[in-house]
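The next block holds one structure in the form of C-alpha cells; read it before the comments.
Start at 1 and go down the list; that is how both ligands and their atoms are numbered.
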Amino acid sequence: MDYLEKLNKEQKEAAMYTEGPLLILAGAGSGKTSTMTHRIAYMIREKGVDPYNILAVTFTNKAAGEMRDRVEELVGPGQNLWILTFHSACLRILRRHAEILGYGRDFAVYDPTDQKTLIKNISKELNIDSKQYKPAYFLGAISDCKEKRISPEEYEKIHGDDIKAKIICKVYKQYEATLKKNNAMDFDDLLLNAVKLFEKDEAVLLQYRNRFRYIMVDEYQDTNQIQYRFVKMLAEAHDNICVVGDDDQCIYQWRGADIRNILEFEKDFKNAKVVKLEQNYRSTSNILNAAHSVIANNRGRKDKKLWTRQEEGDKIVYFRGESERDEAYFIAGEIDRMKTTDRRYSDFAVLYRTNAQSRTFEEALSRREIPYRVLGGLRYYDRKEIKDMMCYMRLVQNNADDLALARIINEPKRGIGGKTLEKLQTLAAVRNESLFDVLLDREVIGSFSAKAEANIRALAELILSYSGERDNMKISDLYDGLLVKSGYLKALEDQNTLEAESRIENLMEFKSVIYDYEKEDSNISLAEFMERIALLAEVDNHDADENAVVLMTMHSAKGLEFPFVFMPGMEDGLFPGWRAFDSEDGLEEERRLCYVGITRAKERLWLTSAETRTMYGKTDYTRESQFLRELDKSLIEGNAIFEKKRQDPSQGAFTDGVSSAKAFKPFDQLKYARQQTKQKVAQMSDAFVVGDAVSHPKFGEGRVSACDGKTVTVEFAEGSKKLALGYAPIKKV
Ligand code: ATP
Ligand code: MG
C-alpha cells in the first residue's frame with residue numbers, strides 16, 4: 001500500500017472510505033482528482049472490488065483521459081472500468097437499450113452542425129423569417145428546455161400567448177419529430193434519454209445500479225440538473241457515491257450548471273461523510289495567494305483558504321504591451337528565455353478567454369520557431385475560410401495557380417460540380433494551359449448552364465481586374481474587394497448560422513493580419529505578403545511527442561496543471577468578458593474562471609494586457625482588467641512597461657483607479673469591420689464621368705479624363721493612369 005503513503009491524512013482517509021456517500025470539497029490543486037484515482041486503486045487492489053463495478057465520470061475527454069492514465073499507473077492497464085465523460089457514458093448505455101425509448105440501436109448522434117442544418121430546414125418549412133429568428137436562437141431555447149425537461153407541449157402551456165414563444169414551440173415540436181423520424185439524438189438527448197430510460201424501465205435501471213456499485217464524479221460543481229438526476233438514480237440503492245468538487249470553480253452556470261448540487265450533497269445523501277482538503281500541492285504560495293485575493297471578491301461563497309508548504313516562489317509577472325502583438329511577442333520571448341534544457345515546451349500554457357485570441361500567439365510563436373498546439377480548435381491558418389481567401393489572393397498574384405483556382409472555383413457555389421471541374425482540368429492538361437486560361441475560353445464556358453457561365457465569367461473578370469490593379473492597391477483594399485465581389489462574404493451571411501458567423505469573425509480578423517504587415521511596411525507588395533503568410537501557414541508546428549506549448553481557453557483548462565502559465569488579455573470587456581457587465585452573477589462567474597486560470601500554474605504565472613487591441617482590423621484603447629485591480633499588489637513584479645505606465649497616469653497602470661479608456665467591446669469592432677468592408681467596396685463601384693475629381697489611396701487626387709464603362713483614365717500628379725472600373729480603389733471627392 002505504499003502508493004497510499006504519498007497521500008496526506010485527509011486524502012488517505014477519503015481514499016480508504018469506500019462505502020457510503022462521500023463529498024470531497026476542496027480548493028484547486030489540493031489533490032481532489034489524485035485522491036479519487038487513489039481511491040479507485042485502493043478499491044481494486046485492497047478491497048477486491050471488481051473494476052467492472054466502478055463508474056467514474058467527468059466533463060472533458062482530456063480530463064477523462066488523464067484520469068484513466070493515472071489509474072492505470074496504479075493498477076496496470078487494460079482494466080474493465082468505466083472512466084468516461086457524462087456524454088460517452090450515456091451514449092454507451094443508450095446504444096444497448098435504445099429500443100426501449102423507441103429508437104433503433106444504431107441511432108445517429110447529431111452534432112451542433114447537424115442541429116443547425118436541421119433547424120434551418122425547419123425554419124424554411126414553417127416559413128419563419130430566418131433573418132429575425134436565427135437557428136442559434138432556437139437551439140439555445142431548445143437546449144434550455146431539454147435541460148429543464150420541458151416538453152414542447154409544456155412550453156406552450158407555460159408561455160401561453162406570447163408570439164415568440166409560439167414560434168419557438170412550433171420549431172421545437174418539429175425539431176423533436178424530425179430527430180425521432182431520423183432516428184437521431186442531439187447531445188442534450190444523450191443525457192436526457194439516459195435518465196428517461198432509467199425512469200421508464202426499472203429492470204434496466206436495476207441492472208446498472210447493480211453493476212455500478214461504486215460511483216465517482218469529478219468536477220461535481222459543474223453538473224446540471226439532468227446529470228445530477230442520472231447520478232442520483234444510479235446511486236440511490238447503495239449510496240456508494242463519491243463526488244469531488246470546488247464551488248469556487250463552477251464556470252458553467254451559463255450552460256445550466258447548478259452549484260446547489262454540490263452545496264446540498266449532504267442533504268441529498270444522508271450520513272454523507274465530508275472531507276475537506278486544505279493543503280495545496282500544485283502552486284507556489286505567491287500564485288495561491290494571488291488566486292485567493294481575486295476570488296475573495298465574490299460575495300456568495302464559503303470562505304476557505306488554501307495553504308501550501310511550497311516556498312513563496314517567484315512573483316507574478318505583469319506586462320502591459322503596447323499592442324496585442326507586443327503582448328504576444330513578449331510571451332514568445334519569455335518562453336524562449338525560460339525554456340532551458342530541463343524543460344519541455346509542453347510545460348508552458350497560454351490560457352485565453354476566447355478562441356479568437358489564439359491567432360497573435362500562433363504568429364509570435366511561429367516566428368520564434370516554438371512548437372505549439374491549439375487545443376479545442378483549428379490553427380488559424382488551417383481554417384477553411386482563411387485558406388479559401390488566401391487562394392483568391394494567390395490567384396490574383398498568379399493566374400496560373402491551378403490548385404488555388406480548383407479550391408475556390410465553386411466557393412461560393414457557382415454551379416461548378418466536381419465532374420465539371422475534372423473535365424476542365426483534363427482540358428487544361430491536354431492543351432497544356434492553365435485552368436484559368438481554359439476558363440477564359442468562351443466556347444468552353446459556353447457549354448455550361450447559363451447561370452454557371454455567368455458566374456464563371458464574373459469570377460474570371462474579378463481575378464483579371466484585380467491582377468491588373470494589384471500593384472496600385474493596398475492589400476487591405478484588395479482583400480475587402482475580393483471578399484465582397486467574389487460573393488464569399490454574402491454566401492456566409494446568407495447561411496445565417498452560428499458557424500457562418502464565426503467564419504465571418506475569422507475573415508474579419510484576417511484584416512488585422514493585413515494591417516499588421518501594412519503597418520510594418522506600407523509598400524509591401526502582394527507577392528511579399530503572400531510569401532510571408534505562406535511561411536507562417538506552413539511551418540509545421542505539430543510535434544509527434546506533443547512537446548509543444550499548449551494554447552487553449554481557460555474553460556478547457558479546468559482540472560489541468562502546467563509549470564508555466566500565461567494569461568493574456570487582462571482587459572475589461574475581454575476578461576471579464578462583456579457579458580459580465582450585465583449582471584453581478586455574470587461577473588462572479590468570470591471571477592471564478594480567473595481563479596481557475598491562475599490556479600493552473602505550478603511555478604510561475606504571467607498576466608498580460610495590451611494598451612491597444614486590434615480585433616477585426618479595428619484598433620481601440622483598452623482598460624486594464626478589474627481582476628488586476630483586485631489582485632494583491634505585493635505579489636506582483638513590475639517591469640519596464642509597468643514602470644513606464646506609472647509615469648503616465650492617463651493610461652493608468654492598474655495600481656490606482658480606473659483609466660479613462662472604455663471597456664473594450666469586441667462585438668462593436670466586428671460590426672464596424674463588416675460595415676466598413678462593404679462600404680468601401682460600394683464606394684469603389686461608383687460610376688464616373690469625365691471631369692470628376694477622384695482620390696486614390698496610392699496616387700492621391702486626380703481628375704477623370706476618359707471613361708469607357710470598363711476602365712477609367714485618371715490624370716494624377718505623377719501622370720495618367722488607366723484603372724479598372726469597379727475594382728480600382730478610387731472614390732469621387
Ligand atoms: P483541481 O481543482 O484543479 O481539479 P485537484 O484538487 O483535482 O485540482 P490534483 O490535480 O489532484 O488537484 O492535484 C494537484 C497536484 O498536486 C498534482 O500535481 C498532484 O500530483 C499533486 N498532489 C496531490 N496530492 C499530493 C500529495 N499528497 N503529495 C504530493 N503531491 C500531491
Ligand atoms: Mg481535479
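- Proximity of Thr33 to ligand 1, defined as any heavy-atom pair under 4.0 Å, is shared by backbone and side chain alike.
- Considering both main-chain and side-chain atoms, Leu7 never comes within under 3.5 Å of ligand 1 through any nitrogen or oxygen pair.
- Among the atoms of Gly31, some N or O lies under 3.5 angstrom from an N or O of ligand 1.
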Would you give me the side-chain donor-acceptor pairs under 3.5 Å for residues 559-568, sequence neighbours excluded?
| unit_1 | atom_1 | unit_2 | atom_2 | d |
| --- | --- | --- | --- | --- |
| Glu561 | OE1 | Arg282 | NE | 2.6 |
| Glu561 | OE1 | Arg282 | NH2 | 3.4 |

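- Note: no N/O pair closer than 3.5 Å links Lys602 and ligand 1 by distance alone.
- Within the protein, the number of N/O/S atoms found under 2.8 Å from the Mg ion (ligand 2) is 1.
- Looking at Gln279 against ligand 1, nothing comes within 4.0 Å, counting heavy atoms.
- The single protein non-hydrogen atom nearest to atom 22 (N) of ligand 1 is Tyr281 CB, 3.5 Å, given as residue, atom name and distance.
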Could you go step by step and tell me if Tyr595 and His292 meet the ring pair (Phe, Tyr, Trp, His ring centres under 6.0 Å) rule?
CA-CA 8 Å; Tyr595 175 78; His292 187 258; 8.4 Å; no
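- The residue from Glu327, Glu324, Glu624 that alone fulfils the salt bridge (Lys or Arg N to Asp or Glu O under 4.0 Å) condition with Arg613 is Glu327.
- Given atom 14 (C) of ligand 1, the protein heavy atom at minimum distance is Glu561 OE1, 3.4 Å.
- Between Arg211 and Tyr52, the closest heavy-atom pair is NE-O, 3.1 Å.
- One option in Gln11, Arg309, Glu5, Arg282 has a heavy atom closer to atom 10 (O) of ligand 1 than any other, and that option is Arg282.
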